[in-house]
Every structure is written in structure tokens, then in C-alpha cells.
Amino acid sequence: MDTKPTQAAGAPRESLEGDEADRDVIAICIVAAAIILFVGIGATVGPQVLDSLLGRGRAPDAALVDAFLLNIALIIFGWSRYRELSEEVSRRRQAEQQARLLAETDPMTGFLNRRSLDGSVERAIERAREDNQCVAMLMLDLDNFKQVNDTNGHQTGDELLRESARRIAEVAPPGAILARIGGDEFALAFPFSSDRLDLVERIASRLVDRIAQTTQCGPTLIDVTASVGIARSDLAKMGGKLKNDTQGLLEMADIAMYHAKRAGRNRYCWFEGSMADEIRFRFAMESGIRAGVPRGEFVPYYEQQIDLQTGELTGFEMLARWNSPEFGIVSPEIFIPIAEEIGTIADLSESVIAQALDDAREWDPSLTLAVNVSPVQLRDPWFAQKLLRLMTAKNFPPDRLEIEITESCLLENVAQVRALISSLKNQGITVSLDDFGTGYSSLAQLRSLPFDRIKIDRSFVSNVTESEDSAAIVHAIAMLGQGLRLPITAEGIENSEVLEHLRAYGPLKGQGFFYGRPCPAADISEMLRARGRVTGGDAAIEPRSAVAAEAKADEPALRHAAQ
Ligand code: C2E
Ligand code: MG
Ligand code: MG
């Protein structure tokens, strides 16, 4: 299952080869000088030696003979040095080539990696421009790769990636730049004449067809499809802010690829000018988020968490909102994924958690504070320490804090998540598994990870009285919780029927719009003060709080534009 290595790496080799050439020239010069000297001295000493041997003359001058012999030794020495040097240079050249290959290629497929793609594509764009052509960038994403990985294991997943790479290489035109730029994301770039879109489409269509063919991975037959987005270098200016470079091309191809996915997957889609609006929106979001974190535009909202049996308020889940001067109140479902991608999630999260710790310190100490953390933060080995430092700085007791980890995090690195949960728990922090039922965690994982609580995803809870499937899932999760002795929180309780349905399962916690929408800190303290539940107070809470602050976060236009 070898893949044809890409031909297009073309990294600069000039400097290394220049050095080697210099050293070769010096060694050759030494040998050449020795040979010239040998000829010169030999021409004088040779006939004298011959005459002396034939008894026709005097023996040659001893000094000259010594010089002659020394010269021979010099040639032998010089030659052997030259050979050693050549061998060493060739060994070094091989090692350097190997190192360069490792640095530039993806070991799994033999394709270029993301880092080395830029230079290659930029050179290809340059060459294409000289030839009056442009470059097509195809981005290919396997549609259901995650499921294959989860169901059949990583080995099968790896094999599928190698086979996909082999098929891509097979379909690619000669000299095309082939790269693997993410887990199951590939890029393919090649020059074409701007009036021959049909050629590019033929390749894209063959790629889609070829990937859709069943793959035999060991004993298993795997069916996956691919979505392909296509961008062309001569349209790069269309996005206005888009740069006519590899990143610009990749961004356009990426957007086109998502359009292909939304249109039903297993197809290709060209990037079009109208899609550039999305890019502009995305740029505005990115720069808005970057600037908004230090300006304190990200603020905590709070959603009540209730003991369903007693109706008592037990605490709040903090849900971040972006109070953007440009976009208004923005939902975390829009800005969290972008903040994760542009690397600002840790600062953003720290800023809202710090505000929440300040807010929660004013509440009755029996009230807990739950905060969500992103998978990106979990990858930070210092996350637990950072959190602890923040809590110490804010003088907040760890046993009032609950960390919510979404089920999808478990896909990434169970060992790391396990270590993190343990270290948080050692500090007295509670850890719950959020959105349970939407990811792919196995029972074995659930048992092996020391969670304190499971939260049933709102998508099952909110329609538990209408959908038999949802009711069955909620029932199964409630039983699982009982079996594993894990307390359960049901999110998404929207009406009293759902509440009644859930009460049948005994002591559950719950949250949802039935108890009020998430609202800002000021509203929460007002409510708690009215109920005597600020520091030192105590009171039970009725369903449907008077707090009606409505987060405008669900603005459909924003939601749509960010999809
Ligand atoms: P989540 O942790 O599952 O939070 C619950 C979400 O369900 C919230 O959406 C909440 O407004 C919504 N919700 C609550 N009750 C109901 C209901 O009765 N019906 C319906 N349909 N929805 C309900 P929100 O605030 O938009 O947050 C979405 C997600 O964003 C959260 O899901 C959480 O995963 C993430 N998130 C929020 N804040 C943060 C944060 O500070 N950091 C990170 N990493 N993620 C956050
Ligand atoms: Mg949550
Ligand atoms: Mg949730």
C-alpha cells in the first residue's frame, strides 16, 4: 500500500551542495598540484635515475629523489583524503536528505505535510503565472472518517488514510503537489489553463468516485466518501481581504469543501465569490474575538441548576456570551469554535471563569458553580495548575467548582483526560461529563474515567415526552447512572411535562428554560438577594424564576452565517 511520493517538495538545496562543492574543489586542487609537482620533479629526476642505472651518469641529487618520493606519498595521501571526503560528503548528503524528507513529509502517507505545503504551492503559483496559467487547489475531506476510527480502531483508520492517499496520488496529474494537512484532510494542487475548468472538474469527480469505492482494510470492508472543495489562484482576489497565497487558497478550498458537505457530501464544489462574504464575516469575527478578550467583552451568563425532587436551587452553570460592539450578544456555539481555532480560547476562558469566581463568591456558599472547558484547554498539561492558581487568587473554595467536559473530548486522548480529571479531583473540584449521548464514549471509558456526574444532552431531554427514541435514551442513561452510581443532571427541561417525566427517575438534577434563560451576573445577584441566598442567606427556589433576561444569542442570522 505504498503511496507514490510527491514530486513537488522542491526545498532549497543550493547552500548545502555549494559547501560540498567547495570542499571537493579544494581536495581536487591539492591532488592536482601534487600531480603537477610530480610531473615537474619527475621530468628532472626520472632521466637522471635512468642514466645512473644504465651507468651513463651520476646518481641524482639525493634531495631531489627525496622530494620526488615525498611527492608520490603526497599524491597517495591526497587521493585517499579525497576519497574519504567524498564518502563523508555523500553520507552527509543522504542524512540531510533523510532529515529534510522527514521534516517535510507526512510519515503515514508520504505526502507533504502542512508546513511544507506553503512553499511548494507558492512556487507553483509563481511558475503558473509565468506560463499564463493558474493553480487549482483541491481540499478533500473524508466524510465519515471519525466513525470508521471509532468503530474499527485506529489501525484501520490509518490503513484507510494510506489507501485514500494512494488513490489520490493515482488520480492526481503528474507533478501535482500532494499534502495531508489534517487528520483526514488532504490537499492537491496543480497548474491548469484558466479556460479548462473541465479538466479540474474531471480530476475532482474522479477523486470523489475513487474514494467512494469500498476499501479492504484487513478483514474489514470500509465504505467512506469524500467532499472536495476547489479554489483557483486567479480568483484569490475575489475575497477582498484574501491573500493570493497558499493560505488564501486553502481557506477558499476549505469553505467550498464545507459547502460540498452541506450539499450532501460525496461531491465536489467550486469556491465562488459569494462565499467570500463568509470569509469576510469570519475575518471580522476572528479580529473581534482577539480584540474582545482583553477588552472584557466576554462575560459570564448563568443558568440555574435545580434539584428536581425538592425544586431547590443547587447552583449555576456559567455560559459565556460575547457582548460584541459589532455583532451584539453572540452565542458561544459561534465564538467558541473560532476562539479554539485561532488559539484564544484559553485566555477567553480564563477571563470568563475569573469573572464567574468573583460573582459566585457573593452567592450563598451552598451554591455550586459549573464551568465548561474546551477540548483545546484539556490538551494543555498546565490546565489544572492554571485553574488552581486562579481559584487561589480569587479565594474560591474548590469544592464549589464543577468542571464540565464534553463527551467529544474523550475521543482525543483518554489517558490525558483521565490524568486531568484525577488531578482536578485531587484538588476537590467536581468533574462532570457534559452532553452525554452525543459523542461516542464507550461504557468501558465511562467506567475507567472517574467522573462525578453525567449530564444528559438537551437534545434528548427537551423532547422526551414526544419522541419514543429520546425517552428510551433518557431511560437508558438514567439506568446507567444508577448502575454506575453516577448522579445525573438532565439539561434542556423546557416544560412541566418533561419535568414530571424526569421526576420518575428519582433524585436527578436538572436545568433548562423552564427555570429561566441564562442571564447576566447582575440579574442573578438581584434574584439571590430577593431570595435571601446571597452570602449567609438561605431559601428554596420555585420553578420559573422571575429573571427573564433573554439572551439574544440565538440570533438566526449569526447562527446561519457561522455554519
Ligand atoms: P452546554 O454546556 O451543554 O450548555 C447548555 C446549553 O443549552 C446552553 O447553550 C443553554 O443556553 C442551552 N439550554 C439551556 N436550557 C435549554 C433548554 O431548555 N432548551 C434548549 N434548547 N437549550 C437550552 P449556550 O449557552 O448557547 O451554550 C452552548 C454551548 O457552548 C454549551 O453547551 C457549552 O458546551 C459551550 N460553552 C458555553 N460557555 C462556554 C465556555 O465558557 N467555555 C467553553 N469551552 N464552552 C462553553
Ligand atoms: Mg455544559
Ligand atoms: Mg451540555
Side-chain angles (χ1 to χ4, degrees), residues 289 293 297-306 315-322 329-341 344-357 359 368-380 383 387 390 401-409 430-439 451 453-466 470 477 488-499 502 509-520 543-545 547 549-556 558-559 562:
I289 292 172
V293 175
E297 289 169 11
F298 291 87
V299 291
Y301 273 45
Y302 299 97
E303 177 168 311
Q304 300 171 47
Q305 295 183 314
I306 308 287
F316 294 91
E317 175 175 3
M318 187 273 281
L319 297 158
R321 297 287 181 270
W322 178 18
I329 301 282
V330 183
S331 154
E333 275 169 341
I334 292 167
F335 67 76
I336 296 275
I338 303 178
E340 285 176 344
E341 234 171 89
T344 44
I345 185 67
D347 291 344
L348 189 162
S349 182
E350 191 173 323
S351 139
V352 281
I353 293 178
Q355 297 174 61
L357 295 178
D359 294 338
T368 54
L369 168 71
V371 298
N372 295 278
V373 295
S374 131
V376 176
Q377 288 171 281
L378 297 187
R379 273 183 236 136
D380 175 2
F383 174 73
L387 189 67
L390 189 60
L401 188 72
E402 187 173 322
I403 296 289
E404 296 192 3
I405 296 177
T406 50
E407 199 188 2
S408 53
C409 290
T430 317
V431 186
S432 48
L433 179 58
D434 201 0
D435 302 342
F436 187 66
T438 54
F451 285 110
R453 172 171 293 276
I454 303 177
K455 297 187 72 177
I456 313 178
D457 190 65
R458 59 187 188 272
S459 58
F460 307 118
V461 175
S462 56
N463 63 355
V464 72
T465 51
E466 290 145 26
S470 294
I477 299 176
I488 297 226
T489 298
E491 19 170 75
I493 303 174
E494 291 182 355
N495 52 51
S496 53
E497 290 78 43
V498 171
L499 173 62
L502 293 170
K509 271 200 207 177
Q511 58 187 91
F513 295 166
F514 181 60
Y515 296 100
R517 298 254 172 173
C519 51
R544 272 220 185 279
S545 97
V547 183
E550 181 73 25
K552 285 182 277 166
D554 310 299
E555 270 180 36
L558 277 180
R559 222 177 256 288

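Counting starts at 1 for both ligands and their atoms, following the listed order. Just the heavy atoms: all of them, side chains too, but no hydrogens, waters or symmetry mates, feed the values below. Not measured: the values here are computed from a predicted model.
- Of all the atoms in ligand 1, the ones that sit under 4.0 Å from a non-hydrogen atom of I493 are 18 (O).
- With ligand atoms numbered from 1 in the order given, ligand 1 contributes 15 (N), 18 (O) to contacts under 4.0 Å with heavy atoms of G512.
- Side-chain contact of E340 with S374: a donor-acceptor pair under 3.5 Å is present, judged by distance alone.
- Interface of S374 with ligand 1, defined as ligand atoms under 4.0 Å from a residue heavy atom, comprises 44 (N).
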Stepwise, does the side-chain hydrogen bond (donor to acceptor under 3.5 Å, both in side chains) test hold for Q305 with T489?
CA-CA 9 Å; Q305 295 183 314; T489 298; 5.5 Å; no

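- In terms of N/O distances under 3.5 Å, ligand 1 is approached by R458.
- Between F298 and W322, the angle of the ring planes stays under 30°, which puts this pair in the parallel group of the 30/60° scheme.
- Close to ligand 1: E317, with a non-hydrogen atom less than 4.0 angstrom away.
- Atom CD1 of residue I289 and atom CD1 of residue I338 lie 4.5 Å apart, to the nearest 0.5 angstrom.
- Side-chain atoms of Q304 and F316, non-hydrogen and from C-beta on, do get closer than 4.5 Å to each other.
- Rounding to the nearest 0.5 Å gives a distance of 3.5 Å between OH of Y301 and CD1 of I329.
- Near V373, the atoms of ligand 1 lying under 4.0 angstrom from a non-hydrogen atom of the residue are 44 (N).
- Only protein N, O or S atoms were considered, and those under 2.8 Å from the Mg ion (ligand 3) are D434 OD1, D435 OD1, E491 OE1, E491 OE2.
- For the atom pair I488 CD1 and L433 CG, the distance stands at 10.0 Å (nearest 0.5 Å).
- Relative to atom 20 (C) of ligand 1, the option among E494, E404, M318 with the closest non-hydrogen atom is E494.
- Between L499 and F514, some side-chain heavy-atom pair lies under the 4.5 Å cut-off.
- Of the candidates Y301, F335, F298, F513, the one placing a heavy atom closest to atom 18 (O) of ligand 1 is F513.
- At least one heavy atom of G492 sits less than 4.0 Å from an atom of ligand 1.
- Residues S470 and N463 have side chains that bring a donor and an acceptor to within less than 3.5 angstrom of each other.
- Remark: side-chain polar atoms of E491 are paired, donor with acceptor, to backbone N or O of R458 under 3.5 angstrom.
- Those atoms of ligand 1 with a heavy atom of S331 less than 4.0 angstrom away are 26 (O).
- Close contacts between ligand 1 and D434 involve ligand atoms 1 (P), 2 (O), 3 (O) [criterion: under 4.0 Å to a heavy atom].
- On a distance-only criterion, I336 and ligand 1 share no N/O pair closer than 3.5 Å.
- Between the Mg ion (ligand 2) and the N, O or S atoms of E317, the shortest distance is to OE2.
- Heavy atoms of R321 approach ligand 1 to within less than 4.0 angstrom.
- The shortest N or O to N or O distance between N372 and ligand 1 is below 3.5 Å.
- One distance of note links OG1 of T430 with CG of L401; it measures 7.5 Å at 0.5 Å rounding.
- Taking each of A370, P300, P332, A320 in turn, the one with a heavy atom nearest to atom 27 (O) of ligand 1 proves to be P332.
- Taking distance alone, with nitrogen or oxygen atoms compared against 3.5 Å, Q377 stays at or beyond that limit from ligand 1.
- In this structure, the side chains of Q511 and K455 come closer than 4.5 Å at one or more pairs of heavy atoms.
- Against a heavy-atom cut-off of under 4.0 Å, P518 is close to the following atoms of ligand 1: 11 (O).
- Residue E491 touches ligand 1 through its side chain alone, judged by heavy-atom distances below 4.0 Å.
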Evaluate the criterion side-chain hydrogen bond (donor to acceptor under 3.5 Å, both in side chains) for residue pair E494 and S462; output intermediate values, then yes/no.
CA-CA 6 Å; E494 291 182 355; S462 56; 4.6 Å; no

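- Side-chain atoms of R321 and P332, non-hydrogen and from C-beta on, do get closer than 4.5 Å to each other.
- Interface atoms of ligand 1 facing E303, defined by a heavy-atom separation under 4.0 Å, are 10 (C), 11 (O), 13 (N), 14 (C), 15 (N).
- I403 is listed as a side-chain neighbour of L387, based on a closest heavy-atom distance under 4.5 Å.
- The closest side-chain donor-acceptor pair between E317 and N372 falls under 3.5 angstrom.
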